Amino acid sequence: MEHNQTNKYFVLSDIHGRPIGIEDFEQRNFDLNNPNHIIVLLGDYFDRGDENLMVLRFIEKYKKLLNDRFIVLKGNHDEFIHKFITYIEENFKVGQALVIDPEILNHWFRNGGEITLNQLFGSHHGIYTPTKQKNLERLKQFYNQLEDYYETEDYIFTHACINEERQIDTWDRFFLHEGMKTDKTVVIGHTTHDYLINLVVFFPYGLGIVAQSLKPTLCPVYNIDNGRGNNIVVFEESN
């Protein structure tokens, strides 16, 4: 089957442990067999929701199946995973009792991470078992595939903030109203529309909603985080 030469980017941000499947993208007309159809996930896959294992399995399956047509970017919540992995690897070996400094977990847990840890690693108490080590390796493999940003001819996709040197900040909340010097459109998540209600105007974009800053930015900046983890927005680009 021949396909046209228009790339379509099916973009989703801030899943946060909510149910997700390929059928959600297919409802937006994503075609697994179309080489010009690309899924871009903007970070923050876990925490708060209770389907973290489903999300991890989804990412593992379709990254393997679609390879460079399945882009997985880094969010601030994903840094919690990295911090935990590093701490465990530096301080514990299999067979040792897990006695974890509360400061390693408190910030994560305040942001909904306890259910994530239980589902993806197991209890953070007790013995560091071979099963826990296997789960940690799985999380490490997940984190190591995350990219800071994804850039095309017309777009730059990232979680929250990026500058001209392509340095990112996964926590920044001012970029939506500032932008950077580029002629490309920047697409971000991270800040839900509920927090922007007095600062943004809403535009329908297909079946999704895109928020754009009312204040003129240095470049077009679109935020697609609706706070429910289901706002798949399609961006098109001729190639």
Side-chain angles (χ1 to χ4, degrees), residues 9-20 38-64 66-68 70-90 100 103-122 124 132 134-151 156-163 166-173 175-176 186-192 195 223-232:
Y9 303 99
F10 296 76
V11 189
L12 177 63
S13 186
D14 297 80
I15 300 171
H16 280 304
R18 300 179 180 90
I20 185 68
I38 300 164
I39 290 175
V40 184
L41 305 180
L42 301 185
D44 281 11
Y45 308 100
F46 311 123
D47 306 337
R48 298 178 181 151
D50 57 7
E51 294 290 350
N52 299 281
L53 186 56
M54 174 190 288
V55 176
L56 180 60
R57 287 171 174 165
F58 171 77
I59 292 172
E60 290 173 335
K61 176 179 179 178
Y62 287 99
K63 183 61 178 176
K64 183 177 181 179
L66 296 174
N67 198 1
D68 58 0
F70 192 84
I71 310 301
V72 193
L73 304 185
K74 183 190 306 178
N76 55 303
H77 280 253
D78 307 311
E79 296 290 357
F80 293 136
I81 294 281
H82 182 245
K83 183 177 181 180
F84 178 75
I85 292 169
T86 302
Y87 178 79
I88 295 297
E89 287 187 331
E90 291 178 350
I100 299 177
E103 289 304 312
I104 299 299
L105 299 176
N106 283 349
H107 191 195
W108 190 11
F109 282 11
R110 287 198 304 272
N111 284 274
E114 186 167 9
I115 189 170
T116 301
L117 185 58
N118 289 337
Q119 290 182 347
L120 304 187
F121 176 77
H124 57 284
K132 284 183 169 62
K134 183 178 179 180
N135 291 343
L136 193 78
E137 286 299 320
R138 189 177 180 185
L139 287 175
K140 186 175 181 179
Q141 184 176 4
F142 155 79
Y143 182 82
N144 286 342
Q145 73 183 348
L146 301 182
E147 302 176 52
D148 288 347
Y149 66 95
Y150 177 60
E151 186 167 357
I156 301 174
F157 302 96
T158 194
H159 180 67
C161 176
I162 191 166
N163 63 20
R166 302 308 188 259
Q167 298 166 324
I168 69 163
D169 183 336
T170 59
W171 288 91
D172 182 271
R173 294 192 183 277
F175 182 79
L176 179 65
V186 181
V187 182
I188 64 174
H190 183 54
T191 305
T192 65
Y195 290 103
N223 173 280
I224 65 167
D225 180 11
N226 68 350
R228 297 185 294 279
N230 62 359
N231 189 39
I232 298 172

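Keep in mind it's a predicted model, so treat the numbers as computed, not measured.
Within the model, atoms CG of Leu146 and CD of Glu79 stand 8.5 Å from one another, a figure rounded to the nearest 0.5 Å. One finds the CD1 atom of Ile85 at 12.5 Å from the CZ atom of Arg138 (value rounded to the nearest 0.5 Å). To the nearest 0.5 Å, atoms CD1 (Ile88) and CG (Leu139) are separated by 10.5 Å. The CG atom of Asp47 sits 13.0 Å away from atom CZ of Arg110, with the distance rounded to the nearest 0.5 Å. Within the model, atoms OG1 of Thr158 and CD of Glu147 stand 10.5 Å from one another, a figure rounded to the nearest 0.5 Å. Annotation: the span from Ile156 atom CD1 to Ile188 atom CD1 amounts to 12.0 Å, rounded to 0.5 Å.
Summarising the geometry of Pro19 relative to Glu51, their closest heavy-atom pair is CG-CG, 3.9 Å, with the distance given to 0.1 Å. Taking all atoms of both residues into account, the shortest heavy-atom contact from Tyr149 to Leu73 is C-CD2, 3.7 Å. Taking each heavy atom of Arg18 and Arg228 in turn, the nearest pair found is CD-O, 2.9 Å. Of all non-hydrogen atoms in Thr170 and His190, the two that sit nearest each other are O-CE1, 3.4 Å. Of all heavy-atom pairs between Gly189 and Ser13, the closest is CA-OG, 3.3 Å. Minimum interatomic distance between Lys74 and Asp148 (heavy atoms only, all atoms of both residues): NZ-OD1, 3.1 Å.
Tyr9 places none of its side-chain heavy atoms less than 4.5 Å from the side chain of Ile71. Annotation: side chain of Leu120 is in contact with side chain of Leu53 (closest heavy-atom distance under 4.5 Å). Put simply, the side chain of Ile115 does not reach to within 4.5 Å of the side chain of Arg48, judged on heavy atoms.
The one candidate from Asp50, Asn52, Asn135 that meets the side chain to side chain donor-acceptor pair (under 3.5 Å) condition with Gln119 is Asn52. Exactly one residue among Ile15, Asp14, Thr116, Asp44 makes a side-chain contact (heavy atoms from CB on, under 4.5 Å) with His77. That residue is Asp44. Phe70 pairs in a side-chain contact (heavy atoms from CB on, under 4.5 Å) with only one of the listed residues (Val40, Ile38, Ile59), which is Ile59. For the ring pair (Phe, Tyr, Trp, His ring centres under 6.0 Å) with Phe46, the qualifying choice from Phe80, Phe121, Phe142 is Phe142, the only one to do so.
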| Do Glu89 and Glu137 pass the side-chain contact (heavy atoms from CB on, under 4.5 Å) test, and can you show the C-alpha distance, the side-chain angles, and the key distance before you say yes or no? | CA-CA 10 Å; Glu89 287 187 331; Glu137 286 299 320; 3.9 Å; yes

| task | Verify side-chain contact (heavy atoms from CB on, under 4.5 Å) between Ile20 and Leu12, making sure each step is shown before the conclusion. | result | CA-CA 11 Å; Ile20 185 68; Leu12 177 63; 3.7 Å; yes

| said: Tyr45 vs Leu56, test: side-chain contact (heavy atoms from CB on, under 4.5 Å). Steps then yes/no. | reply: CA-CA 8 Å; Tyr45 308 100; Leu56 180 60; over 6 Å; no

| task | Apply side-chain contact (heavy atoms from CB on, under 4.5 Å) to the pair Leu117 and Phe109, showing each step before the final yes or no. | result | CA-CA 9 Å; Leu117 185 58; Phe109 282 11; 3.9 Å; yes

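Under the 6.0 Å cut-off for aromatic ring centres, Tyr143 and Phe84 do not qualify, their centroids lying 6.0 Å or more apart.
Under a cut-off of 6.0 angstrom, the local environment of CD in Gln141 is sparse, with at most 12 non-hydrogen atoms contributed by other residues, nucleotides or ligands.
His159 contributes a side-chain N or O that, together with a main-chain N or O of Leu42, makes up a donor-acceptor pair within less than 3.5 Å.
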